[in-house]
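Just below is one structure, and these are the notes that go with it.
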Amino acid sequence: MTEPFVQVGIMSATQIDFDLSPHYIYKEEACTGKSSATYSEGKIRWRQQLYDELVFESVDGDSASFTLFNVVIGKQFHWQRVEDQKFRGNLKFIVEGNQITAVNVVPVEKYLESVVSSEMNATASPALLQAHAVISRSWLFHQMQSKTKENSGDRFVDTDESLIRWQDREDHLHFDVCADDHCQRYQGITRISSPKAIEAVCSTRGQVLTSEGELCDARFSKCCGGAMEQFSTCWEDKNYTYLRPLRDNDDVDNLPDLTDEAEAKKWILSSPDAFCNTTDKQVLSQVLNDYDQETHHFYRWEVSYSQTQLSQLVARRSGIDYGLIQDLVPIERGPSGRIKQLKIIGSLRTRIIGKELEIRHTLSESHLYSSAFVVDKGLDANGEIRFVLHGAGWGHGVGLCQIGAAVMGVKGYTYSDILNHYYPGSEITQMYK
Ligand SMILES: [Zn+2]
Ligand SMILES: [Zn+2]
């Protein structure tokens with residue numbers, strides 16, 4: 001096998017402004033300079049003509065680059081912003097719905113250099129960067145592979161009594177991955193790729209994680225909160241041996257039964273030892289980009305709502321009027337303490353929602369850090385009921401914990417130690433040279 005190309009969806013809009021360096025051609029004609037592509041009657045209008053699809057090929061891989069203007073990054077997250085971004089490789093425009101989408105077609109290893117640079121700070125240890133390169137590569141190939149597979153079964157249950165749904169990433173029909181946090185953050189070469197990230201990608205070139213001969217679905221999130229979650233708490237009802245619920249320290253089997261409500265409460269309200277239990281800024285800055293560092297407390301965190309605030313928030317986020325919310329009751333928790341099914345009891349109706357992401361989405365203006373929380377109900381000074389959510393971790397907690405892995409790297413563990421810890425029983429396999 002030789003190194004493949006990946007198609008990355010960068011942005012969608014009715015008009016996309018772009019700039020090509022002098023090394024691009026469209027159907028053998030040299031193209032350069034500022035231009036714009038506009039959606040028109042199901043087609044792309046460019047230079048007064050209509051096209052089904054437009055591909056600008058780079059003729060000189062290393063010096064050719066193009067710029068896309070006004071790319072939105074961090075969609076729906078608190079760090080959302082707009083910026084101009086520069087890319088290498090080919091530029092393709094396709095029509096999707098009533099918009100056009102700009103797709104970057106780029107060799108996998110080049111894509112990874114940018115992903116690892118975007119996701120990780122240049123101050124990260126080589127072990128952390130190498131571990132990340134391997135899981136980003138595995139994740140990518142798994143994604144490209146699953147795109148061609150059939151969609152697996154029902155993705156939600158929607159009745160009067162319950163709404164259990166989950167979103168996975170098989171959403172992109174016309175390209176492999178998007179450039180935002182939904183898939184992996186990819187910002188082209190706007191932020192100069194760090195030499196250390198490039199070195200980590202090169203030194204692990206072609207390496208992926210496999211288990212029993214199959215490519216691993218190498219999930220990762222920011223902070224597990226002390227325990228790794230299993231797959232079925234967040235997505236489809238299946239589990240993998242290498243995505244096992246374990247304690248995030250050397251004593252991996254020393255994990256209380258957090259599916260038990262009393263144990264979960266004790267766990268979340270305390271600050272148990274774990275690799276990711278750190279406030280060391282030097283370590284946190286390895287994983288968090290500057291704008292992510294706006295938030296520091298996510299190993300243990302707290303969010304508080306008045307009854308009115310919570311009721312209005314849930315109505316707005318879910319589109320369902322529960323009336324005044326009386327209680328939030330965990331029905332089922334996963335082994336990391338993350339709530340898989342939550343009962344919302346309102347004055348007008350009561351319903352169970354799940355899974356993990358649906359809960360986070362419903363209970364916050366953007367996304368709650370995680371669904372591992374316990375609810376404390378009390379009265380505030382005005383005599384109104386107040387809901388305080390005490391929580392643990394940031395993200396779904398399945399697979400590699402980025403903060404924990406950063407700490408492991410600093411402590412001198414190698415990248416294969418880190419991968420073994422977060423994906424027990426997996427192997428590093430060379431896919432291409
Ligand atoms: Zn995506
Ligand atoms: Zn962790």
Side-chain angles (χ1 to χ4, degrees), residues 6-12 71-77 96 101-104 111 115 118-119 128 131 135-136 139-140 142-144 146-147 167-187 219-230 235 243-252 254-255 258 267-268 271-280 283-284 286-288 297-301 334-338 357 369-370 372 391-411 413 418-419 421-424:
V6 55
Q7 308 212 19
V8 194
I10 309 293
M11 67 184 294
S12 293
V71 180
V72 180
I73 62 166
K75 264 184 220 114
Q76 293 169 16
F77 287 89
E96 288 190 307
T101 297
V103 179
N104 183 197
Y111 163 81
V115 165
S118 304
E119 291 265 359
L128 174 64
I135 60 169
S136 291
W139 180 91
L140 176 69
H142 188 272
Q143 187 65 6
M144 290 166 78
S146 61
K147 221 181 85 168
Q167 298 169 338
D168 220 325
R169 300 164 315 238
E170 296 157 64
D171 303 331
H172 305 304
L173 283 174
H174 307 113
F175 46 86
D176 300 313
V177 288
C178 70
D180 221 324
D181 297 77
H182 170 263
C183 288
Q184 303 195 88
R185 193 182 294 176
Y186 170 67
Q187 297 166 332
R219 310 267 164 157
F220 61 92
S221 65
K222 279 279 182 315
C223 174
C224 73
M228 298 163 225
E229 188 47 81
Q230 65 186 11
W235 304 287
L243 297 176
R244 223 179 291 166
L246 296 171
R247 176 77 171 260
D248 189 12
N249 65 17
D250 276 326
D251 197 6
V252 288
N254 181 16
L255 185 66
L258 302 178
W267 174 262
I268 292 168
S271 185
D273 177 68
F275 287 130
C276 56
N277 185 355
T278 180
T279 50
D280 185 335
V283 172
L284 294 177
Q286 294 185 14
V287 178
L288 310 178
H297 300 282
F298 38 78
Y299 187 70
R300 292 295 178 268
W301 48 263
S336 80
R338 282 173 174 75
L357 192 65
Y369 285 136
S370 85
W394 182 4
H396 52 68
V398 179
L400 182 133
C401 163
Q402 290 181 303
I403 306 282
V407 171
M408 287 184 80
V410 170
K411 287 188 168 175
Y413 292 86
I418 295 175
L419 294 171
H421 173 65
Y422 291 108
Y423 308 99

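Because the structure is a prediction, the values reported are computed rather than measured. Values below: every heavy atom of this structure, side chains too, minus hydrogens, waters and symmetry copies. In each ligand, atom 1 is the first atom listed, and ligand 1 is the first ligand listed.
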- request: Give a rough value, rounded to 10 degrees, for the angle at the Zn ion (ligand 2) between atoms SG of Cys276 and SG of Cys401.
  value: 110°
- prompt: Any idea how Tyr111 and Tyr186 line up, ring-wise: parallel (<30°), tilted (30 to 60°), or perpendicular (>60°)?
  reply: tilted
field: Closest His182 atom to the Zn ion (ligand 1) [N, O or S only]
entry: ND1
query: Which word best sums up how the rings of Phe275 and His421 line up, parallel for under 30°, tilted for 30 to 60°, or perpendicular for over 60°?
result: perpendicular
message: Angle at the Zn ion (ligand 1), SG of Cys178 to NE2 of His172, rounded to 10 degrees, please.
response: 110°
- prompt: Is there a side-chain contact between Pro272 and Arg247, using heavy atoms and a 4.5 Å cut-off?
  reply: yes
Asp248 atom (N/O/S) at minimal separation from the Zn ion (ligand 2): OD2
field: Side-chain heavy atoms of Ser336 within contact of His396, under 4.5 Å
entry: no
message: Restricting to N/O/S atoms, is Cys223 within less than 2.8 Å of the Zn ion (ligand 2) or not?
response: no
- request: Report yes or no: does Tyr299 contribute a side-chain atom to a donor-acceptor pair with the main-chain N or O of Cys276 at less than 3.5 Å?
  value: no
